[in-house]
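We use all heavy atoms of the structure for the numbers below, so side chains are in, but hydrogens, waters and symmetry mates are not. This chain uses plain numbering: 1 for the first residue, then up along the sequence.
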Amino acid sequence: MATMQQCSFPSLSIACLRICSLSLILLHLQCASVASTVTHAKQVYIAYLGHTGSLEPTTIGAQHHEMLVAATGSKEIAEAALIYNYKHSFRGFAARLSEDEVSYISRMPGVLSVFPSKSRTLQTTRSWRFLGIDKDTSTDSSSSQSSNDNLWLRAKFSEDVIIGLLDTGIWPESESFQDDSLPPIPRHWKGSCETGVEFNASLCNRKLIGARMYLKGYEHTYGPLNVTATGEFLSARDKDGHGTHTSSTAAGKFVPNANTFGFGNGTAKGGAPRARIAMYKTCWPIPGADPIAEDSCLDVDMLAALDDGIRDGVDLFSISIGHLNPQLTYFQDALALGGFHAILKGIPVFCAAGNDGPTPATASNLAPWLVTVAASTIDRSFPSPAILGNGTVLKGESISPDKLANRFYPLIFAGNAGRDNKDASQCLPNSLDPAKVKGKVVFCVRGLGTRVGKSMEVLNAGGIAYILGNAPANGTEVAVDAYALPGTAINAADAAIAQEYIKLSGNPQVKILPGTTALGIKPAPVIPSFSSRGPNSLNPQILKPDISAPGVNILAAWTGGNSPTHFPDDHRRVAYNIISGTSMACPHAAGVGALLRSIYPTWSPAAIKSAIMTTAKVFNNLNQPIATASEDQAGPFDYGAGEINPIAAADPGLIYDAKPRDYLLFLCKAGLGSSQIQAISGLNFSCGPKPPKISNLNYPSVAITKLKKTQIVKRTVTNVGPMGTYSVSVQAPPGVHVDITPKSLHFGAQGERRKFKIKLTVSQSSKGKYVFGSFTWSDGAHVVRSPIAVQSI
Ligand SMILES: *[C@@H]1O[C@H](CO)[C@@H](O)[C@H](O)[C@H]1NC(C)=O
Ligand SMILES: *[C@@H]1O[C@H](CO)[C@@H](O)[C@H](O)[C@H]1NC(C)=O
Ligand SMILES: *[C@@H]1O[C@H](CO)[C@@H](O)[C@H](O)[C@H]1NC(C)=O
Ligand SMILES: *[C@@H]1O[C@H](CO)[C@@H](O)[C@H](O)[C@H]1NC(C)=O
Ligand SMILES: *[C@@H]1O[C@H](CO)[C@@H](O)[C@H](O)[C@H]1NC(C)=O
Ligand SMILES: *[C@@H]1O[C@H](CO)[C@@H](O)[C@H](O)[C@H]1NC(C)=O
């Protein structure tokens with residue numbers, strides 16, 4: 001969706017040049033796709049003018065107005081064209097413009113970039129919306145309750161931290177957002193609870209302290225939102241459910257006995273259970289789209305939300321939104337751009353890596369100042385075995401509330417049950433022949449279409465139950481759904497057995513046992529195939545994703561305005577729902593970030609990110625290396641530094657810090673000039689004659705591309721723990737020699753910094769493939785680990 005739109009947006013060559021001048025990498029992509037599509041219609045553009053400096057918002061607004069009048073030639077046209085003024089936290093405006101107007105504006109002094117507004121998507125695949133319930137949504141399912149409680153106590157449950165979310169809105173009545181016993185709203189809060197349809201300030205409390213909506217960009221792009229067709233609320237109230245889910249994962253209070261249809265049962269918890277929530281509703285349904293399609297989140301609206309959120313006093317952002325490839329460079333990407341201004345103000349920004357894996361280089365939100373979160377499984381499943389007629393038991397998982405009787409039923413492969421003998425193995429709409437499936441259990445293959453959609457096809461064609469078999473590429477990753485008929489989902493190996501059995505048996509039969517909740521599942525975590533992968537497609541010298549966190553079958557609060565499956569005919573309502581995606585992983589990591597923010601209020605966003613990354617786990621609960629759903633060993637392109645480890649993150653020992661200036665030096669190498677960087681940052685800054693290489697940005701991981709012989713990488717660590725001596729150990733990537741000097745670092749006091757060098761030498765070329773390793777500093781008590789990815793040629 002987003003990719004297609006990208007090609008349909010026109011842009012003049014001059015605007016294009018300006019855009020491209022910000023990044024050489026993008027030049028080809030952007031100019032190529034734009035040059036071939038010339039239209040004369042006005043489109044929504046964003047003009048970016050950098051830092052606000054000392055200008056008052058009203059002055060900035062007036063300047064933008066003058067620019068628009070000059071470009072459009074009329075006060076009236078200018079007023080009609082303007083969509084937003086960004087004037088609190090950075091300068092820019094959004095407007096509907098013709099190509100000529102874009103060309104004119106992009107040549108005006110002070111204009112840094114003019115770019116078309118793109119649509120982005122939430123990182124939950126709607127096909128994975130399903131019912132169920134979680135025993136424990138705490139950030140670390142394997143750590144003991146008491147140590148979790150300790151961390152929470154240390155952080156005072158983050159009651160002083162305000163988490164801002166850009167999402168589909170929030171369901172304020174949810175138990176997860178009640179404010180029992182919370183102290184007054186932090187004094188630095190300047191935001192508000194906007195009145196709208198079924199929403200007003202009285203619905204906010206000491207937990208939900210801010211609620212705003214951003215629809216103008218959407219309506220200028222798609223036309224007026226059809227409230228009748230979508231059931232949407234013209235307010236921050238959440239129709240979709242996604243925003244309610246992510247908010248409660250980050251900061252929901254403890255809610256005991258949370259369960260759905262009796263499945264699972266336990267205490268729902270946010271990562272920072274007493275943090276405050278500010279919802280910025282920026283995502284809305286696309287007109288005419290399937291009701292289970294993802295909402296669209298437009299750049300113009302998200303920039304307005306970030307402009308407000310930074311000003312409002314948000315302490316940390318959690319943004320479960322991403323973009324399909326190609327990834328846009330930093331100053332034509334709302335999240336990178338707005339996120340940059342957040343970082344300048346010391347506000348960490350956590351983003352979803354995306355759901356476009358396992359294809360390499362699919363990760364989104366690649367800017368080095370963002371925390372990019374991949375997804376992982378937790379140690380819980382919903383076993384619902386399928387027993388074949390010959391006695392073989394297929395594991396299966398289900399949270400379907402409907403159950404089959406405990407006996408065998410005839411089983412048919414959907415590939416043999418198509419209308420007009422066509423292949424219906426995917427169970428796409430209207431593909432199954434009712435005469436063939438009536439009264440039978442239907443086996444469908446995963447791949448095209450949605451999982452719940454396939455179950456609807458089986459139901460509509462008269463099947464009595466549904467088995468969803470993974471395609472080989474899906475491996476062991478089983479996602480459960482609230483089918484409207486009995487059914488279970490099986491992994492790729494079991495799916496192959498089922499197909500073989502159906503083929504060989506003259507009279508295939510199956511029995512499906514009802515789903516239950518099982519905890520302590522091993523191995524966990526596993527990196528699911530959907531989670532987007534590295535390498536970084538913009539600047540491969542920055543390793544992405546950064547971290548993984550729970551994002552498969554996650555239970556959290558749900559809207560009262562929608563069913564758990566999003567099917568319009570589904571009239572069920574649930575207070576808690578289980579869904580999957582890097583959207584669910586992001587608020588887990590953000591919750592931990594909020595705890596660190598409380599414990600260490602003066603830490604920079606980079607320090608918080610470093611603490612989370614260097615303490616991450618790379619072993620699962622069988623004490624084996626974390627694997628992917630295809631049962632390969634996972635690596636940094638799957639999980640970044642590894643699986644988030646909240647308790648260790650609160651005591652990292654050393655951190656790799658970075659100040660805004662470090663990111664500015666990075667931008668020099670990423671293609672910006674000193675004057676542009678000054679305008680963006682508002683800082684007196686020069687790239688100097690020789691800005692450092694990108695790989696020398698003080699990042700907690702190391703990625704080296706196109707290594708021929710030898711490269712030296714520099715890093716600086718800051719002591720945030722007790723006095724002590726750290727020594728380094730190296731796990732060198734195959735075919736690479738890694739030499740770190742010095743090999744030991746002594747720290748006398750907190751805050752002391754030490755530099756070291758990492759010399760990488762190719763001993764055997766990997767012929768363009770990436771190979772992985774790590775280095776670890778330890779003083780015996782703290783383990784400070786950094787992944788290394790090297791591509792040698
Ligand atoms: C605010 O909204 C609630 C719930 O919709 C409603 O009961 C209440 O009367 C409203 N209050 C005001 C002041 O409009
Ligand atoms: C809005 O949707 C309703 C129901 O689908 C439809 O009848 C109506 O024509 C739509 N309105 C507009 C303005 O498109
Ligand atoms: C959930 O667990 C609680 C406490 O163990 C119990 O009282 C409650 O009945 C359970 N609810 C369901 C639906 O199983
Ligand atoms: C499952 O496998 C199919 C077929 O290869 C693929 O199209 C689909 O994207 C996979 N889904 C996931 C979530 O990995
Ligand atoms: C049932 O059939 C499948 C497919 O041929 C086979 O893999 C499996 O071993 C059989 N089970 C038993 C118990 O014979
Ligand atoms: C900017 O920095 C340079 C070098 O540090 C200095 O010479 C110059 O005076 C500064 N300019 C301003 C406006 O502060």
Side-chain angles (χ1 to χ4, degrees), residues 128 130-145 148 249 258-260 262-269 374-387 393-400 446 451 468-470 474-482 487-495 512-531 548-556 576-582 584-585 588 616-634 638-639 642-646:
W128 299 342
F130 43 94
L131 285 187
I133 128 103
D134 194 4
K135 167 100 168 72
D136 183 359
T137 55
S138 75
T139 49
D140 183 357
S141 54
S142 60
S143 62
S144 72
Q145 189 63 35
N148 249 339
T249 298
N259 71 82
T260 310
F263 272 104
N265 190 18
T267 302
K269 305 164 189 169
S376 59
T377 65
I378 56 173
D379 63 345
R380 180 191 53 204
S381 73
F382 302 94
S384 172
I387 302 167
V393 179
L394 310 178
K395 283 200 289 282
E397 286 195 60
S398 180
I399 53 167
S400 177
R446 196 166 160 192
R451 298 191 312 269
L468 175 67
N470 272 4
N474 309 132
T476 60
E477 170 196 307
V478 171
V480 288
D481 303 274
T488 191
I490 62 180
N491 68 33
D494 283 350
I512 300 176
L513 305 185
T516 54
T517 303
L519 301 172
I521 296 303
K522 293 175 180 176
V526 168
I527 307 299
S529 54
F530 68 77
S531 191
S548 70
V552 179
N553 297 345
I554 300 303
L555 174 131
Y576 288 83
N577 193 16
I578 300 180
I579 55 177
S580 298
T582 53
M584 284 61 249
H588 275 97
K617 292 193 240 185
V618 292
F619 289 90
N620 61 27
N621 57 4
L622 290 172
N623 214 22
Q624 294 162 346
I626 293 173
T628 68
S630 2
E631 298 181 86
D632 298 320
Q633 187 172 326
D638 305 308
Y639 57 43
E643 175 74 1
I644 196 162
N645 184 5

pair Phe530-Asn474: side-chain heavy atoms closer than 4.5 Å: no
Is any side-chain heavy atom of Val526 less than 4.5 Å from a side-chain heavy atom of Thr628? no
Between Lys395 and Asp494, is there a side-chain heavy-atom distance shorter than 4.5 Å? yes
As an exercise, state the distance from OG of Ser398 to CD1 of Ile490, rounded to the nearest 0.5 Å. 12.0 Å
For Thr476, which residues count as a side chain to side chain donor-acceptor pair (under 3.5 Å) partner, sequence neighbours excluded? none
Working to the nearest 0.5 Å, report the span between CD1 of Ile527 and OG of Ser376. 5.0 Å
Do any N or O atoms from the side chain of Thr377 and from the backbone of Pro525 form a donor-acceptor pair under 3.5 angstrom? no
Inter-residue atom distance His588.NE2 - Ser548.OG, 0.5 Å rounding: 11.5 Å
I'd like to check Ile626 versus Tyr639 (side-chain heavy atoms, cut-off strictly below 4.5 Å). Are they in contact? yes
Could you go through Glu477 and Ser529, starting from their C-alpha distance and side-chain angles, then the distance that decides it, and tell me whether this counts as side-chain hydrogen bond (donor to acceptor under 3.5 Å, both in side chains)? CA-CA 7 Å; Glu477 170 196 307; Ser529 54; 2.6 Å; yes
Asn621 side chain to Asp379 backbone, donor-acceptor under 3.5 Å: no
Does Asp632 offer a backbone N or O that forms a donor-acceptor pair with the side chain of Ser630 under 3.5 Å? no
Looking only at heavy atoms, which two atoms of Thr488 and Glu397 are closest? And how far apart? OG1-N, 3.1 Å
Heavy-atom pair of closest approach, residues Ala616 and Asn645: CA-CB, 4.3 Å
As an exercise, state the distance from CG of Asn470 to CZ of Arg446, rounded to the nearest 0.5 Å. 4.5 Å
OG1/Thr249 to CD1/Ile554 distance, rounded to the nearest 0.5 angstrom? 7.0 Å
Is a side-chain donor or acceptor of Ser384 paired with a backbone partner of Leu513 at a separation under 3.5 angstrom? yes
Interatomic spacing from CG in Asn491 to CD in Glu631 - rounded to 0.5 Å: 7.5 Å
Residue pair Glu643 / Ala549: nearest heavy atoms and the distance that separates them: OE1-N, 3.8 Å
Under the rule for side chain to side chain donor-acceptor pair (under 3.5 Å), what residues qualify as partners of Ser531, not counting sequence neighbours? none
Please tell me if the side chains of Asn553 and Ile378 come closer than 4.5 Å, counting only heavy atoms from C-beta onward. no
So, for Asn620 and Ala524, which heavy atoms are closest and what is the spacing to 0.1 Å? CB-O, 3.3 Å
